[in-house]
*Asks:* 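Pasting in a structure now, in structure tokens, and then I'll have a few things to ask.
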Amino acid sequence: QEWQNPFATWDPRDFCNISEIVLPMDTFWSPPVFILERVNGQNPELNYVVLMHNGSVNSTRPFQVTLTCSLIILKFPFDTQMCNLSIASYLYPAVTDFVMKTRRTPAEIMIDSQSFFLTDGEWKFTNLSIIEYTETLDHKEYSLVTYVISIERRPTLYILNLILPTCALYVLDMAVLFGPSSLEEKINFQIAIILGSSMLAVILNNSLPTSSNKPPIIGTT
């Protein structure tokens with residue numbers, strides 16, 4: 001965060017060429033912002049700001065938070081999700097007191113985000129966009145900044161563990177059904193296939209995400 005404090009300026013030539021100082025955050029006013037989608041998280045311990053001689057105040061605090069995100073898993077495991085991270089402050093109206101702006105472009109933030117994102121996890125970070133807007137609440141307008149994060153699921157593990165075994169069972173079922181074997185052998189094979197399908201359904205039920213309005217296609221078939 002960076003903002004301007006016109007009441008905290010000085011001439012570095014009058015103070016041994018000191019152009020910036022580090023102070024506790026409660027020394028000056030700081031913008032009260034919060035994340036709308038936040039469920040829980042850890043508050044940072046670095047409660048300090050850097051004050052420049054021209055009144056510019058800079059605060060860099062790392063946050064580790066858990067956010068809520070609506071999932072659309074109809075195309076699971078080939079799905080792409082979009083999650084919002086909205087930063088707002090409902091204490092100061094946007095028109096007269098408090099306006100939030102992003103300091104960097106989405107392309108610059110995209111490069112930094114890709115360097116911090118885990119590349120060997122289940123998700124692949126694909127895109128980031130920024131929306132700056134005002135929201136009306138109780139006849140007052142408030143400033144908001146929303147980061148729209150797009151992530152794509154890596155389907156390789158699900159293809160090997162779910163899709164290929166399911167297709168193999170269906171192919172084996174058709175081969176046994178139309179094969180030249182006797183009725184008793186077909187019944188034994190069908191019982192074995194039903195047991196295998198039941199075990200695969202249990203594994204599939206534990207693997208599929210449940211927070212979606214529509215079930216995935218692989219789960220309904």
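Because only heavy atoms are used, hydrogens play no part in the values below, and waters and symmetry mates are left out as well, while side chains stay in.
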*Asks:* Are Ile151 and Leu128 connected in a single hydrophobic cluster, I mean Ile/Leu/Val/Met/Phe/Trp/Tyr linked by side-chain heavy atoms less than 4.5 Å apart?
*Replies:*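 Same cluster: Leu128 reaches Ile151 through Ile, Leu, Val, Met, Phe, Trp or Tyr contacts under 4.5 Å.
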*Asks:* Apply the test side chain to side chain contact (heavy atoms under 4.5 Å, CB included) to residues Val33 and Phe98: give CA-CA distance (whole Å), side-chain angles for both, the deciding distance (0.1 Å), then the verdict.
*Replies:* CA-CA 11 Å; Val33 297; Phe98 191 82; 3.9 Å; yes
*Asks:* Linking I/L/V/M/F/W/Y whenever any side-chain heavy atoms sit under 4.5 Å apart, do Leu71 and Tyr158 land together?
*Replies:*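 Linked, Leu71 and Tyr158 end up in one cluster.
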*Asks:* If you apply the rule side chain to side chain contact (heavy atoms under 4.5 Å, CB included), what do you find for Gln1 with Val49, and how did you get there?
*Replies:* CA-CA 9 Å; Gln1 295 176 333; Val49 296; over 6 Å; no
*Asks:* If we only count heavy atoms from C-beta on, is the Ser30 to Trp3 side-chain gap below 4.5 Å?
*Replies:* yes
*Asks:* For Ser89 versus Pro32, what's the shortest heavy-atom pair and its separation?
*Replies:* OG-O, 2.6 Å
*Asks:* Side chains of residues 19-28: which donor-acceptor pairs under 3.5 Å do they make with residues two or more places apart or in other chains?
*Replies:*
{"residue": "Thr27", "atom": "OG1", "partner": "Pro24", "partner atom": "O", "Å": "2.9"}

*Asks:* Which heavy atom of Pro165 sits nearest to which heavy atom of Leu160, and what is that distance?
*Replies:* CD-O, 3.4 Å
*Asks:* What distance separates Ile131 CD1 from Tyr147 OH, expressed to the nearest 0.5 Å?
*Replies:*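 It comes to 12.0 Å.
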*Asks:* Would Ser129 and Asn127 count as having a side-chain donor-acceptor pair, cut-off 3.5 Å?
*Replies:* no
*Asks:* State, yes or no, whether a side-chain contact exists between Val145 and Ile130 at a heavy-atom distance under 4.5 Å.
*Replies:* yes
*Asks:* Would Trp123 and Arg154 count as a side chain to side chain contact (heavy atoms under 4.5 Å, CB included) here? Give the steps.
*Replies:* CA-CA 6 Å; Trp123 296 94; Arg154 300 180 187 271; over 6 Å; no
*Asks:* Does Ile18 offer a backbone N or O that forms a donor-acceptor pair with the side chain of Trp10 under 3.5 Å?
*Replies:* yes
*Asks:* Got a second to check how far Glu37's CD is from Asn84's CG, nearest 0.5 Å?
*Replies:* 6.0 Å
*Asks:* So if you build clusters from Ile, Leu, Val, Met, Phe, Trp, Tyr with side-chain heavy-atom gaps below 4.5 Å, do Leu91 and Leu137 land together?
*Replies:* no
*Asks:* Please say yes or no: joined through hydrophobic side-chain contacts below 4.5 Å, possibly via intermediate residues, are Leu67 and Met82 part of one cluster?
*Replies:*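 They do not share one cluster, since no chain of ILVMFWY contacts under 4.5 Å joins Leu67 to Met82.
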*Asks:* Does Leu144 belong to the same Ile/Leu/Val/Met/Phe/Trp/Tyr cluster as Ile149, with side-chain heavy atoms less than 4.5 Å apart forming each link?
*Replies:*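 Each belongs to a different hydrophobic cluster.
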*Asks:* Show your working on side chain to side chain contact (heavy atoms under 4.5 Å, CB included) between Met100 and Glu132 and close with a plain yes or no.
*Replies:* CA-CA 8 Å; Met100 290 192 298; Glu132 300 176 357; over 6 Å; no
*Asks:* Does Asp11 have any salt bridge (Lys or Arg N to Asp or Glu O under 4.0 Å) partners at least two apart in sequence or in another chain, and if so, which?
*Replies:* Arg13
*Asks:* Return the OG1 to CG distance between Thr146 and Leu85, rounded to the nearest 0.5 Å.
*Replies:*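 The distance works out to 8.5 Å.
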*Asks:* From Ile35 CD1 over to Thr68 OG1, what is the distance, rounded to the nearest 0.5 angstrom?
*Replies:* 11.0 Å
*Asks:* Return yes if some donor-acceptor pair links the side-chain N/O of Asn54 with the main-chain N/O of Ser56 below 3.5 Å, else return no.
*Replies:*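 Confirmed, Asn54 side chain pairs with Ser56 backbone.
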*Asks:* Is the closest side-chain heavy-atom distance between Asp79 and Leu74 below 4.5 Å?
*Replies:* no
*Asks:* For residues Ile72 and Gln81, report the shortest heavy-atom separation together with the two atoms involved.
*Replies:*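 Smallest interatomic distance, heavy atoms only, reads O-NE2, 2.8 Å.
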*Asks:* Near Tyr48 OH, under 6.0 Å, is it more than 12 heavy atoms from other residues, nucleotides or ligands?
*Replies:*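 No, OH of Tyr48 has 12 or fewer neighbouring heavy atoms, counting only those of other groups under 6.0 Å.
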*Asks:* Parallel, tilted or perpendicular for Tyr90 and Phe34, by the 30°/60° rule?
*Replies:*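 If you compare the ring of Tyr90 with that of Phe34, the planes turn out tilted.
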*Asks:* What's the shortest heavy-atom distance between Pro77 and Arg153, and which atoms?
*Replies:* O-CD, 3.7 Å
*Asks:* Rounded to the nearest 0.5 Å, how far apart are CE of Met110 and CZ of Arg104?
*Replies:*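 It is 13.0 Å, given to the nearest 0.5 Å.
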*Asks:* About how many Å separate OG1 of Thr80 and NZ of Lys75, when rounded to the nearest 0.5 Å?
*Replies:* 8.0 Å
*Asks:* Take Thr60 and Asn58, measure what side chain to side chain donor-acceptor pair (under 3.5 Å) needs, and give me the verdict at the end.
*Replies:* CA-CA 7 Å; Thr60 303; Asn58 187 286; 3.3 Å; yes
